[in-house]
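All of these numbers come straight from a predicted model, not from anything done at the bench.
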Amino acid sequence: MRKLETVDRAMQLLIAFDGAQERELTVGTLASRLGIHRSSASRLAATLAERGFLERTPGNDAFRLGPMLGRLGLLAIGERGVLSESRPVMQRLARETGETVVLSMLENGQAVDVAQVSGSYLVGSRNWIGRGSPLHASSDGKVFLAFADQPAGRRRLAALTPHTITDRRRLAEELQRVRERGWASVEGELEEGLNGVAAPLFDGADRCVAAISISGPAYRLSSERLADVAAGLLAATAEIGGRLGHVVGPRR
């Protein structure tokens with residue numbers, strides 16, 4: 001297989017997910033759609049997964065689109081896109097709060113982090129880029145569930161910590177509170193000792209296109225402090241939304 005032919009087939013493999021009714025495609029299905037041997041499709045998919053363009057699904061040989069595609073999609077939006085309009089505001093939030101500020105997008109049923117500005121503290125600072133978080137257990141995930149018309153799915157809600165909401169009725173009540181106040185929070189639900197808040201970014205078509213979250217250790221970002229941090233975050237997301245053409249009005 002020549003090098004350029006390999007690149008072309010890798011692109012064809014990614015395009016195979018476009019328009020597919022299934023979000024997860026097996027190696028056999030990919031091989032059939034590309035008209036290549038199963039072993040070749042397996043090697044291509046494995047290489048793309050190593051780079052984050054695909055990711056394996058647990059328990060079988062299927063693949064789904066990976067977080068790197070969401071990040072590149074944001075970069076491709078251009079100078080007036082979500083990323084370019086968000087970054088200076090994210091930098092200001094990081095300076096004001098001292099905590100890590102992350103921009104995430106909804107990708108394959110997860111909140112995938114695509115841009116980050118680290119805070120001034122060493123403790124609690126980490127690289128979240130490319131990481132996907134379960135929607136029910138993360139503040140940005142709850143934003144997508146509440147505002148992006150994203151269903152929670154039928155699978156069991158995994159308990160990542162003792163504080164994770166796994167009861168669907170409780171989750172529905174939580175999402176209603178998120179809609180009413182306009183922001184979401186987590187307190188040790190994704191990781192023990194990690195708290196955070198998130199708010200949606202709306203574009204000119206009133207769509208939730210991304211979320212911005214602020215997170216830090218619970219001893220700094222305490223339960224009592226979450227509402228104050230969220231107030232500043234709401235003002236910031238409204239500012240970005242205005243640049244994206246969003247006009248504030250009653251929510252659905």
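Residues Ala210 and Val82 approach most closely at CB-CG1, 4.1 Å, considering heavy atoms. Nearest heavy atoms, Asn195 versus Leu226: CB-CD2, 4.4 Å. Taking both residues in full, the closest heavy atoms of Ser185 and Lys142 are given as O-NZ, 3.0 Å, listed atom of the first, atom of the second, then distance. Scanning all heavy atoms of the two residues, the minimum distance from Leu93 to Ala236 falls at CD1-CB, 3.8 Å. Among all heavy-atom pairs drawn from Thr237 and Pro200, the shortest one is CB-O, 3.5 Å. Here the shortest heavy-atom pairing between Val143 and Ala211 reads CG1-CB, 3.9 Å.
A salt bridge between Arg9 and Glu5 is present, with a side-chain N of the basic residue lying under 4.0 Å from a carboxylate O of the acidic one. In summary, Glu189 and Arg170 do not engage in a salt bridge, as defined by a charged side-chain N under 4.0 Å from a carboxylate O. Contact check on Arg177 versus Glu174 returns a salt bridge, with a Lys/Arg side-chain nitrogen under 4.0 Å from an Asp/Glu carboxylate oxygen.
Partners of Gln12 under the side chain to side chain donor-acceptor pair (under 3.5 Å) rule, at least two apart in sequence or in another chain, are Asp8. Qualifying salt bridge (charged side-chain N to carboxylate O under 4.0 Å, His left out) partners for Glu239, counting only residues two or more places apart in sequence or in other chains: Arg92, Arg243. Listed by chain and residue number, Glu99 satisfy the salt bridge (charged side-chain N to carboxylate O under 4.0 Å, His left out) test with Arg225 (two or more places apart in sequence, or in another chain).
Although no hydrogens or angles enter the test, the distance criterion places no donor-acceptor pair under 3.5 Å between the side chain of Ser42 and the main chain of Arg38. Within the 3.5 Å criterion, the main-chain N or O of Pro134 finds a donor-acceptor partner in the side chain of Ser138.
Interatomic distance, CE of Met68 versus CD of Glu50, reported as 13.0 Å (0.5 Å rounding). Atom OG of Ser86 is separated from atom CG of Leu244 by 6.5 Å, given to the nearest 0.5 angstrom. Annotation: the span from Thr29 atom OG1 to Phe17 atom CZ amounts to 9.5 Å, rounded to 0.5 Å. The SG atom of Cys208 sits 8.0 Å away from the CG atom of Leu106 when rounded to the nearest 0.5 Å. In this structure, Leu34 CG and Leu13 CG are separated by 5.5 Å, a value rounded to the nearest 0.5 Å. One distance of note links CG of Leu83 with CG of Leu103; it measures 6.5 Å at 0.5 Å rounding.
Partner of Leu171 under the side-chain contact (heavy atoms from CB on, under 4.5 Å) criterion, out of Thr166, Leu157, Leu135: Leu157 alone. For the side-chain contact (heavy atoms from CB on, under 4.5 Å) with Leu233, the lone residue among Asp228, Val89, Val101, Val197 that qualifies is Val197.
Thr161 and His163 form no side-chain donor-acceptor contact under 3.5 Å, judged by distance and modelled atom types alone. Between the side chains of Ser223 and Glu187, at least one donor N or O lies within less than 3.5 Å of an accepting N or O.
Note on Ile212: it clusters hydrophobically with Leu221, by side-chain heavy-atom contacts below 4.5 Å among ILVMFWY residues.
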